[in-house]
Amino acid sequence: MERVNEERPTYRVRCERSGRWWALSVPELPGVHSQSRRLDQVEENAREAIALLLDVSEDAFDLTYDYVVPADWEPVIDRVLNDRRRAESVQREARAAVAQALNLLVDVEGLPLRDAGKLLGLSHQRVSAVRRSPDRGAGVLSVTSVATVP
């Protein structure tokens with residue numbers, strides 16, 4: 001059991017594909033097993049099983065997840081996650097380049113936002129949004145990690 005907060009225990013839920021279901025277990029709590037049809041149902045089912053065993057409220061603890069998938073899924077999942085990470089990195093670089101270009105074109109050279117947007121291939125609404133945002137660019141892809149076990 002991992003402790004993220006001294007007051008709240010954190011339990012790791014192992015989610016392993018079994019036929020058309022996800023078999024759930026909590027290694028720190030022998031005897032806690034459940035199943036879910038879909039991953040979006042895992043949290044609710046795991047919380048219910050843990051709370052029943054420990055006789056506590058379903059919100060008295062935190063959860064982390066280990067997704068165990070068949071070995072032939074791993075390269076496909078890894079490729080998507082790696083591509084998304086690369087895309088996120090390119091997006092960060094592009095936002096920085098846009099902010100720098102807008103600084104030059106609008107702040108230094110005095111171009112109207114619409115002209116700067118036209119030159120950069122951006123709508124004037126997007127240019128305005130970039131100029132308003134504190135980091136001078138918004139919209140990061142969020143990437144979730146998936147742990148795989150062969």
Side-chain angles (χ1 to χ4, degrees), residues 1-28 32 34-51 58-150:
M1 172 176 53
E2 171 187 343
R3 286 203 181 257
V4 174
N5 178 334
E6 290 301 318
E7 307 299 317
R8 291 174 60 91
T10 298
Y11 299 103
R12 186 170 39 92
V13 180
R14 180 181 165 96
C15 310
E16 186 167 2
R17 194 69 179 165
S18 178
R20 296 179 57 95
W21 293 83
W22 289 95
L24 312 179
S25 61
V26 180
E28 300 93 349
V32 173
S34 187
Q35 61 184 6
S36 295
R37 199 60 132 153
R38 298 185 322 263
L39 288 174
D40 65 345
Q41 300 168 334
V42 166
E43 181 175 9
E44 179 182 350
N45 294 337
R47 284 189 177 283
E48 179 181 9
I50 293 168
E58 290 183 14
D59 61 357
F61 48 86
D62 294 318
L63 299 174
T64 61
Y65 305 91
D66 290 334
Y67 301 102
V68 181
V69 298
D72 58 331
W73 295 12
E74 189 172 348
V76 174
I77 292 169
D78 285 347
R79 178 171 180 205
V80 168
L81 294 176
N82 287 333
D83 287 351
R84 291 190 65 208
R85 285 185 196 101
R86 281 197 311 276
E88 181 180 324
S89 176
V90 169
Q91 283 184 332
R92 274 193 307 271
E93 292 171 11
R95 282 193 308 275
V98 166
Q100 185 177 15
L102 288 175
N103 182 55
L104 171 68
L105 297 174
V106 175
D107 297 337
V108 175
E109 298 298 331
L111 280 180
L113 291 179
R114 286 180 185 264
D115 290 353
K118 186 73 168 174
L119 290 172
L120 298 175
L122 301 170
S123 69
H124 69 278
Q125 295 94 336
R126 180 67 184 135
V127 169
S128 294
V130 170
R131 301 286 292 170
R132 282 192 311 270
S133 73
D135 65 351
R136 294 291 193 175
V140 177
L141 283 174
S142 58
V143 179
T144 303
S145 296
V146 175
T148 57
V149 176

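Since the model is a prediction, treat every value here as computed from it, not as a measurement.
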With a 4.0 Å cut-off on N to O distance, would you call Arg84 and Glu88 a salt bridge? no
Test: Arg131 and Asp107 ion pair at under 4.0 Å: yes
Count the heavy atoms belonging to other residues, nucleotides or ligands that lie under 6.0 Å from CD of Glu44, then report whether that count exceeds 12. no
Given side chains that start at C-beta, do those of Leu119 and Leu111 come closer than 4.5 Å, heavy atoms only? yes
4.5 Å side-chain heavy-atom contact, Arg17 and Val69: no
Rounded to the nearest 0.5 angstrom, the OG-NZ distance for Ser123 and Lys118 is 11.5 Å
If you count the non-hydrogen atoms of other residues, nucleotides and ligands that lie under 6.0 Å from CD in Glu58, is the total more than 12? yes
I need the Cys15 SG to Leu24 CG distance, nearest 0.5 Å. 5.0 Å
Is NZ or CZ of Arg38 both nearer than 6.0 Å to the six-membered ring centre of Trp22 and within 45° of the ring axis? no
Distance in Å, Ser25 OG paired with Arg12 CZ, rounded so as to fall on 0.5 Å steps: 8.5 Å
Val80 side chain reached by Ile77 side chain, heavy atoms, under 4.5 Å: no
Restricting to side chain to side chain donor-acceptor pair (under 3.5 Å), what partner residues turn up for Glu43, sequence neighbours left out? Arg47
Atom CZ of Arg114: over 12 foreign heavy atoms under 6.0 Å: no
Between the CG atom in Asp115 and the NE2 atom in His124, the distance rounded to the nearest 0.5 Å is 12.0 Å
How about Arg85 and Asn82: does a side-chain donor come under 3.5 Å of a side-chain acceptor? yes
Indicate yes or no for a side-chain donor-acceptor contact from Gln100 to the backbone of Ala96 under 3.5 Å, with no hydrogens or angles considered. no
To the nearest 0.5 Å, atom OG1 of Thr10 lies from atom CZ of Phe61 at 10.0 Å
Give the intermediate values and the outcome of side-chain contact (heavy atoms from CB on, under 4.5 Å) for residues Asn45 and Gln35. CA-CA 7 Å; Asn45 294 337; Gln35 61 184 6; over 6 Å; no
Quick one: pull up CG in Leu105 and CG in Leu120 and give me the separation to the nearest 0.5 Å. 5.5 Å
Just jot down the side chain to side chain donor-acceptor pair (under 3.5 Å) partners of Arg86, sequence neighbours excluded, or say none. Asp83
Can Asp66 and Arg14 be counted as an ion pair, charged N to O under 4.0 angstrom? no
